[in-house]
Amino acid sequence: MANWTDCLNFGISVAKQASEIILSAFQQQKEVKLKSSPADLVTETDQRVEKILISAIRTKYPLHRFIGEESVAAGECLELTDSPTWIIDPIDGTVNFVHRFPFVAISIAFTVNKQMEFGIVYSCVEDKLFYAQRGRGAFLNGERLHASRQEDISRCVVVTEIGAERDDLALSTMTSNIFRLLKLPVHGVRALGTAAVDMCQVATGGADAYYHIGMHCWDIAASAIIVQEAGGVVMDTDGSEFDMMSRRVIAASSAEVARRIAQVIQAFPCRRDDEDPHRSCSSNMADIWQRAMDHAVAIARKAGEVVREALCDDRKVMTKSSSVDLVTQTDQRVEQLIIQSVKEKFPTHRFIGEESVAAGEACDLTDSPTWIIDPIDGTNFVHSFPFVAVSIGFSVNNQTEFGVVYSCLEDKMFTARRGKGAFCNGEPLQVSDQEDIKQSIIATEFGSNRDPEAVDKIFSSLRSILCIPVHGVRSAGTAAINMCLVASGCVEAYYEIGIHVWDVAAGSLIVSEAGGVLMDVEGGEVDLMSRRIVAANSRTIAERIVKEIDSFSPPRDDAPTKH
């Protein structure tokens, strides 16, 4: 491993020299300009300090690259490469500087191969020099730093900022997050007006956590490594791995505190630092769940491989709620594969899995990011009948954000993202335009409930629909694929009573994003926990089917477990 100690020492030297300019201007009247908002300020001193820092470093290291706050504001490209790169915030806390509030810092980070090698934060007015080098610890004025290691969120002081964003969504989200933390409760919430110094408080143990959404890489790159080297934890606000370009961060005394904060706070869309600022605003609004969806697609394909391999082996079959409600070791293996993979990437997320619920876990859908998993949708698997699906839905605030259904044997990957359409193997999906129920094919299932009364109602509904008459009734043996057939325009509608939330969470979004309609079997809004659904190409077809269904109400998925 290369030794970057000389670079670190030089960075400390130029930071201290540049701080003299800041301190000499600190008590003076400043000429203030605006950047992105009325609270995003810049002064001549910001620009002057950055030029001095970059000029001094470039003279000594002419091949190194730079990302500077004011340079980027002036139009320079923000690109982090494998080359040695200095990430510079000349005055972190410009609003403080303008108002002579005594927390103003120079922040300098250094990366090689996109990995942080060292960070320097010099709090000028306090004369406090924080620094850290990868693998060598963190220090304040030469004294080693240690995070508090606090694991009880109710005993924490949390630091954050109300940032420069002043739009309604950003403001409401930021204030709501503070309210949520205070309700936990935490000991207190603090804000010093500089992300770099805020995070360093975590490294000193003076605070137990810091979170923010909307800052920039130059605000937090240096302090992130200082927190890590002091024994703290740094992650994304969704609980995943820290990405300095995402403009979201949690820094905490322990993984437990970080995860607890991630469970409570919500994010709002903000463009990544490394996105092209010249694209339209709509394309720049960060899709905060896209990374989760990409992972869902990847793990669904991997699960599909396990399913296909298992079809060549003898399958040990067990029963659950009835003699026809089957489960195999492959179901359990695939669910564990998916959950374990997701936990590693998104450790704070919650899960509802078919086999986990069967084993006694609660089927509880909260506002938290939740993965709703059917590892093998289709008793078909036991018989090698060629419709078997891996179904993954993802819900936040009780709203489905994306759905992935992988028809393993057909190698068809159905996907949908809320507001962005539905696709099969990358091609857009569109429901049928048929409005005449008599010209329609309807899909349904007979389910695993063999109670005579339920069976009578199922066949009563089937008879009524056949007698409309419709062109035909189909049953693929898997709710997820039936719904994808609606989205594909192959059938006009699918209905069923007795399915579960994991059967339809993903498919329901795929239908609606393909232009379809969802409703309850008695009409009205669908409730995925009710175990009843009609998915159709149009409201006309859906309402016609509702008229023919002899409905009943199975126990809800979220009903309290009987002991």
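Predicted, not measured: the structure shown is a model, and the values here were computed from it.
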All heavy atoms of Ile339 vs all of Ser356, minimum pair found to be CD1-OG, 3.8 Å
So do Ile213 and Asn177 actually touch side chain to side chain, heavy atoms under 4.5 Å?
-> yes
Determine, step by step, whether Val342 and His295 satisfy the side-chain contact (heavy atoms from CB on, under 4.5 Å) criterion, reporting the C-alpha distance in whole Å, the side-chain angles of both residues, the deciding distance to 0.1 Å, and the verdict.
-> CA-CA 8 Å; Val342 173; His295 188 68; 4.0 Å; yes
Is a side-chain N or O of Ser341 found less than 3.5 angstrom from the main chain of Ile338, in a donor-acceptor match?
-> no
Here the pair of heavy atoms bringing Val104 nearest to Gly93 is CG2-O, 4.0 Å
Salt bridge between Glu256 and Arg259, side-chain N to carboxylate O under 4.0 Å?
-> yes
Would a distance-only check, ignoring hydrogens and angles, find a side-chain to backbone donor-acceptor pair under 3.5 Å from Asn141 to Leu129?
-> yes
Atom pair CG (Asn9) and CD (Gln133), whose distance is rounded to the nearest 0.5 Å | 8.0 Å
Any donor and acceptor pair, going by atom type alone, linking the side chain of Ser254 with main-chain N or O of Arg149 inside 3.5 Å?
-> no
Rounding to 0.5 Å, atoms CG (Asp411) and CG (Asn425) come to a distance of 6.0 Å
Taking side chain as C-beta onward, heavy atoms only, is Met244 less than 4.5 Å from Thr111?
-> yes
Of Arg272, Arg248, Lys114, which is the lone residue that meets salt bridge (Lys or Arg N to Asp or Glu O under 4.0 Å) with Asp243?
-> Arg272
Is Val307 close to Tyr406 at the side-chain level, that is, under 4.5 Å between some pair of heavy atoms?
-> no
Aromatic ring proximity Phe118/Trp4, centre distance under 6.0 Å | no
Taking side chain as C-beta onward, heavy atoms only, is Arg65 less than 4.5 Å from Glu79?
-> yes
The single option from Asp89, Thr94, Asp92 that satisfies side chain to side chain donor-acceptor pair (under 3.5 Å) with Thr194 is Asp92
Is the CD atom of Glu143 crowded by more than 12 outside heavy atoms at less than 6.0 Å?
-> no
Run the side-chain hydrogen bond (donor to acceptor under 3.5 Å, both in side chains) check on Arg291 and Ser246 step by step: do they pass?
-> CA-CA 11 Å; Arg291 190 153 45 130; Ser246 73; 5.7 Å; no
Describe, in one word, how the ring planes of Phe402 and Trp371 are oriented to each other, choosing from parallel (under 30°), tilted (30 to 60°) and perpendicular (over 60°).
-> perpendicular
Mind checking whether Ile106 and Leu53 have side chains closer than 4.5 Å, heavy atoms only?
-> yes
Please work out which of the three classes, parallel, tilted or perpendicular, describes the rings of His64 and Phe110, given edges at 30° and 60°.
-> tilted
Give the minimum heavy-atom separation between Pro90 and Glu50, together with the two atoms involved.
-> CD-OE1, 3.4 Å
Step by step, work out the side-chain hydrogen bond (donor to acceptor under 3.5 Å, both in side chains) result for Asp367 and Gln266.
-> CA-CA 10 Å; Asp367 287 343; Gln266 295 179 317; 5.6 Å; no
Is there a donor-acceptor contact under 3.5 Å from the side chain of Thr160 to the main chain of Tyr211?
-> yes
Trace of the side-chain contact (heavy atoms from CB on, under 4.5 Å) decision for Cys217 with Leu78 = CA-CA 10 Å; Cys217 60; Leu78 195 165; 4.3 Å; yes
Do side-chain atoms of Glu513 reach the backbone of Ala416 as a donor and acceptor pair under 3.5 angstrom?
-> no
Flag, side chain of Asp236 to backbone of Asp238, donor-acceptor distance under 3.5 Å | yes
Residues Ile67 and Met245: closest non-hydrogen pair is CD1-CE, 4.3 Å
Distance, nearest 0.5 Å, that separates NZ of Lys183 from OG of Ser176 | 12.0 Å
Given side chains that start at C-beta, do those of Phe351 and Glu361 come closer than 4.5 Å, heavy atoms only?
-> no
How far apart are the closest heavy atoms of Ile373 and Glu335, and which atoms are they?
-> O-OE1, 4.3 Å
Report the distance from atom OG1 of Thr204 to atom CE of Met199, rounding to the nearest 0.5 Å.
-> 12.5 Å
Interatomic distance, SG@Cys156 vs CD1@Ile261, rounded to 0.5 Å, equals 6.5 Å
Take the angle between the ring planes of Phe97 and Phe26 and call it parallel below 30°, perpendicular above 60°, tilted in between.
-> tilted
Does any non-hydrogen side-chain atom of Met215 lie less than 4.5 Å from one of Glu161?
-> no
Could you tell me whether Lys16 and Asp127 have a side-chain N and a carboxylate O separated by less than 4.0 Å?
-> no
Which atom names give the shortest non-hydrogen contact between Ile120 and Ile12, and what distance separates them?
-> CD1-N, 3.4 Å
Near Glu126 CD, under 6.0 Å, is it more than 12 heavy atoms from other residues, nucleotides or ligands?
-> yes
Is there a side-chain contact between Met413 and Val404 (heavy atoms, below 4.5 Å)?
-> yes
So, the side chain of Glu229 versus the backbone of Arg136: is there a donor-acceptor pair under 3.5 Å, distance only?
-> yes
Could you grab the distance from atom CD1 of Ile299 to atom CG of Asp294, nearest 0.5 Å is fine?
-> 13.0 Å
Do other residues, nucleotides or ligands put more than 12 heavy atoms under 6.0 Å from Arg180 CZ?
-> yes
Could you verify whether a donor N or O on one side chain and an acceptor N or O on the other, from Ser24 and Glu20, lie under 3.5 Å apart?
-> no
Applying side-chain contact (heavy atoms from CB on, under 4.5 Å), run through Leu80 and Asp274 and close with a yes or a no.
-> CA-CA 8 Å; Leu80 184 62; Asp274 52 4; over 6 Å; no
Arg260 and Leu184: CA distance, side-chain angles, deciding distance, side-chain contact (heavy atoms from CB on, under 4.5 Å) verdict | CA-CA 10 Å; Arg260 192 71 183 91; Leu184 281 175; 3.4 Å; yes
Identify which one of Ile250, Ile220, Val227, Val202 satisfies the side-chain contact (heavy atoms from CB on, under 4.5 Å) criterion when paired with Val234.
-> Val227
Does any N or O in the side chain of Arg247 come within less than 3.5 Å of the main-chain N or O of Arg271, such that one atom is a donor and the other an acceptor?
-> yes
Any sub-3.5 Å donor-acceptor pair from Asp219's side-chain atoms to His216's backbone N or O?
-> yes
Arg417 side-chain N/O to Gln290 backbone N/O, donor-acceptor pair under 3.5 Å = no
